[in-house]
**Student:** 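Sharing a structure below in structure tokens format, with a few things to ask.
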Amino acid sequence: MLDEKLLVELSAEKQYPIFINFDLIENLEKSVFNYTKANKILLVVSEKVNKIYGGKLNFKNSIKYVLKDGERQKNLKNYQRILNFALKNKLERKDAIVAIGGGVVGDISGFVAATYLRGIDFIQIPTTLLACVDSSVGGKVGINTDFGKNMVGAFYQPKAVFCNLNFLKTLDERQFKTGLSEVIKYAFIEKSCQAGYEYNFFEFLEKNSDKILSRDEEVLAKIIKISLELKASVVAKDEKEQGLRKILNFGHTLGHAIEKVTNYKKYTHGEAVAIGMNFAISLACKKGLITEEYKNQSFELIKKYNLVGKTPKFNQKKLIDAMYSDKKVEDGKIKFILPIRKASAECLDFNPEDFY
Ligand SMILES: NC(=O)c1ccc[n+]([C@@H]2O[C@H](COP(=O)([O-])OP(=O)(O)OC[C@H]3O[C@@H](n4cnc5c(N)ncnc54)[C@H](O)[C@@H]3O)[C@@H](O)[C@H]2O)c1
């Protein structure tokens, strides 16, 4: 059975492991204590995960904060509530926070860990596909505000990431597909990640859609490993998103705007990103960056996984305004990641008029 260990190597002194396996969930407690000297652990767990797995997540000397489900929970109020919970329970500097859940739990509790007593140990146990392949690795932590997605946050790396793929068995179809959206993203940027390997991930995802959609364990483990290797290689080269790391935002400039204008209710993050990827592909073709053939091949790949139904009509002005209040705006220009050839993408500047 699969038992992989990858390393995120930020520098010789700063690195951390990602474990990918189908281990017993009860074993996580022991594994976590190998990566922190904490006396006390604050577990931050999503409501649904706690309902399903709470009984198996009994860490010694731990206190538990259960976060309600949903993107809208990744907010300032809950950030403060978790901080107060930690303070009330007298978590000390050498103690640790362990996030058990999807990207929402990972992002908000990572931000608490980054700021509590100026930073305490943080460990990620991702339980959604999206969190396994993306949000648990790379150190981006934060919360949403009324002004947009992830507008307050930090770069704060975990001590270790434990991707126990047994969790994925209870993900509902919608959440599973949401994660696939971030997996498919890597197919469009593989060569730009400069990982030093050739996976031909685009073709792999084209050929194996049936197995992936039926959650074949071997294939699932493979796409998770490839996604993580690509992400780890990008983060190692550009931890703070000064350049290369921006390509991981493929589909996200519009995706974040869609989440914001629909009040984080209508679409999951992955669904919004899938709409964003389709848009970026169209725009790239319109600008002559990619061929009509690659555009159609790309649309086909996204369609195979049925990530979003029909692309809805949005109020264009609202979307552009939302994109303008994003972190990705520099010198008044919107940063857009566009495909430039098969499996490669580039970060380009756009003005509002370019979208009409
Ligand atoms: N930090 C980063 O680098 C990064 C990257 C990508 C996305 N994100 C963020 O991640 C978030 C989206 O994460 P998500 O898609 O994991 O959503 P999520 O965290 O909202 O989880 C989705 C739902 O699935 C439930 N769930 C979790 N694990 C489960 C399991 N094993 N079985 C059954 N149900 C389970 C959760 O309780 C929740 O209701 C967004 O806020 C996005 O901005 C962050």
Side-chain angles (χ1 to χ4, degrees), residues 8 25 28 44-54 56-57 66-75 78-79 99-111 113-114 122 124-145 148-158 161-183 185-186 215 227-228 231-232 234-235 239-241 245-246 248-253 255-260 264-265 267-274 276 307 326-327:
V8 184
I25 287 168
L28 279 165
V44 184
V45 190
S46 82
E47 206 171 22
K48 199 162 177 193
V49 171
N50 189 49
K51 229 179 238 162
I52 307 174
Y53 299 100
K56 295 181 177 179
L57 296 166
V66 179
L67 186 72
K68 280 196 182 139
D69 286 316
E71 181 67 33
R72 285 158 63 88
Q73 301 303 321
K74 207 172 93 175
N75 61 29
N78 283 331
Y79 164 70
I100 310 177
V104 166
V105 162
D107 282 9
I108 194 170
S109 46
F111 187 44
F122 178 49
Q124 290 260 26
I125 301 182
T127 63
T128 62
L129 178 58
L130 182 140
C132 282
V133 296
D134 202 349
S135 62
S136 62
V137 169
K140 276 191 185 177
V141 294
I143 51 174
N144 306 327
T145 75
K149 276 274 292 187
N150 305 327
M151 292 304 273
V152 175
F155 286 97
Y156 195 68
Q157 304 292 340
V161 180
F162 297 96
C163 286
N164 185 317
L165 306 192
N166 282 320
F167 282 113
L168 305 187
K169 292 175 185 158
T170 53
L171 269 188
D172 66 32
E173 198 57 14
R174 188 173 183 200
Q175 292 306 336
F176 182 70
K177 285 196 177 161
T178 269
L180 283 179
S181 195
E182 297 280 11
V183 171
K185 171 187 84 180
Y186 292 107
R215 305 190 199 190
S227 303
L228 282 169
K231 176 137 194 194
V234 170
V235 170
E239 180 187 1
K240 303 264 168 83
E241 203 168 297
R245 188 168 176 172
K246 292 190 174 115
L248 295 176
N249 295 324
F250 176 57
H252 285 62
T253 311
H256 283 174
I258 290 173
E259 285 186 272
K260 187 182 169 200
Y264 305 103
K265 275 184 182 160
Y267 299 100
T268 64
H269 177 70
E271 287 163 354
V273 168
L307 302 177
D326 196 82
K327 297 182 298 308

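One-based numbering, in listed order, for ligands and for the atoms of each.
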**Student:** Between Thr178, Thr170, Leu171, Asn166, which one has a non-hydrogen atom sitting closest to atom 35 (C) of ligand 1?
**Tutor:** Leu171
**Student:** Nearest 0.5 Å, what's the OG-CG distance between Ser136 and Leu228?
**Tutor:**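 That separation rounds to 6.5 Å.
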**Student:** What are the atoms of ligand 1, with element, lying closer than 4.0 Å to any heavy atom of Val104?
**Tutor:**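 Counting atoms of ligand 1 from 1, those under 4.0 Å from Val104 are 11 (C), 13 (O), 18 (P), 19 (O), 20 (O), 41 (O).
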**Student:** If you take the nearest heavy atom of each of His269, Lys149, Glu271, Lys231, which one is closest to atom 43 (O) of ligand 1?
**Tutor:**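 Of the listed residues, Lys149 has the closest heavy atom.
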**Student:** Considering both backbone and side-chain atoms of Leu130, is one of its nitrogen or oxygen atoms within less than 3.5 Å of a nitrogen or oxygen in ligand 1?
**Tutor:** no
**Student:** Which residue, Ile52, Ile125, Thr128, forms the side-chain contact (heavy atoms from CB on, under 4.5 Å) with Phe167?
**Tutor:** Ile125
**Student:** Applying the side-chain contact (heavy atoms from CB on, under 4.5 Å) criterion to Leu307, which one of Val273, Thr178, Leu180 satisfies it?
**Tutor:**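 Answer after filtering Val273, Thr178, Leu180: Leu180.
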**Student:** Given Ile100, Asp107, Thr268, which has its nearest heavy atom closest to atom 44 (C) of ligand 1?
**Tutor:**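 Comparing heavy atoms across Ile100, Asp107, Thr268, the nearest one to atom 44 (C) of ligand 1 lies in Asp107.
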**Student:** Going by heavy atoms, is Glu182 under 4.0 Å from ligand 1?
**Tutor:** yes
**Student:** Minimum distance, heavy atoms only, to atom 26 (N) of ligand 1: which one of Val45, Val273, Val49 is it?
**Tutor:** Val49
**Student:** For atom 21 (O) of ligand 1, which of the options Thr128, Ile143, Asp134, Val141 provides the nearest non-hydrogen atom?
**Tutor:** Thr128
**Student:** Are any of the heavy atoms in Glu47 under 4.0 Å away from ligand 1?
**Tutor:** no
**Student:** I need the atoms of ligand 1 closer than 4.0 Å to a non-hydrogen atom of Ser46, numbered in the order shown.
**Tutor:**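 Per the distance check, 36 (C), 37 (O).
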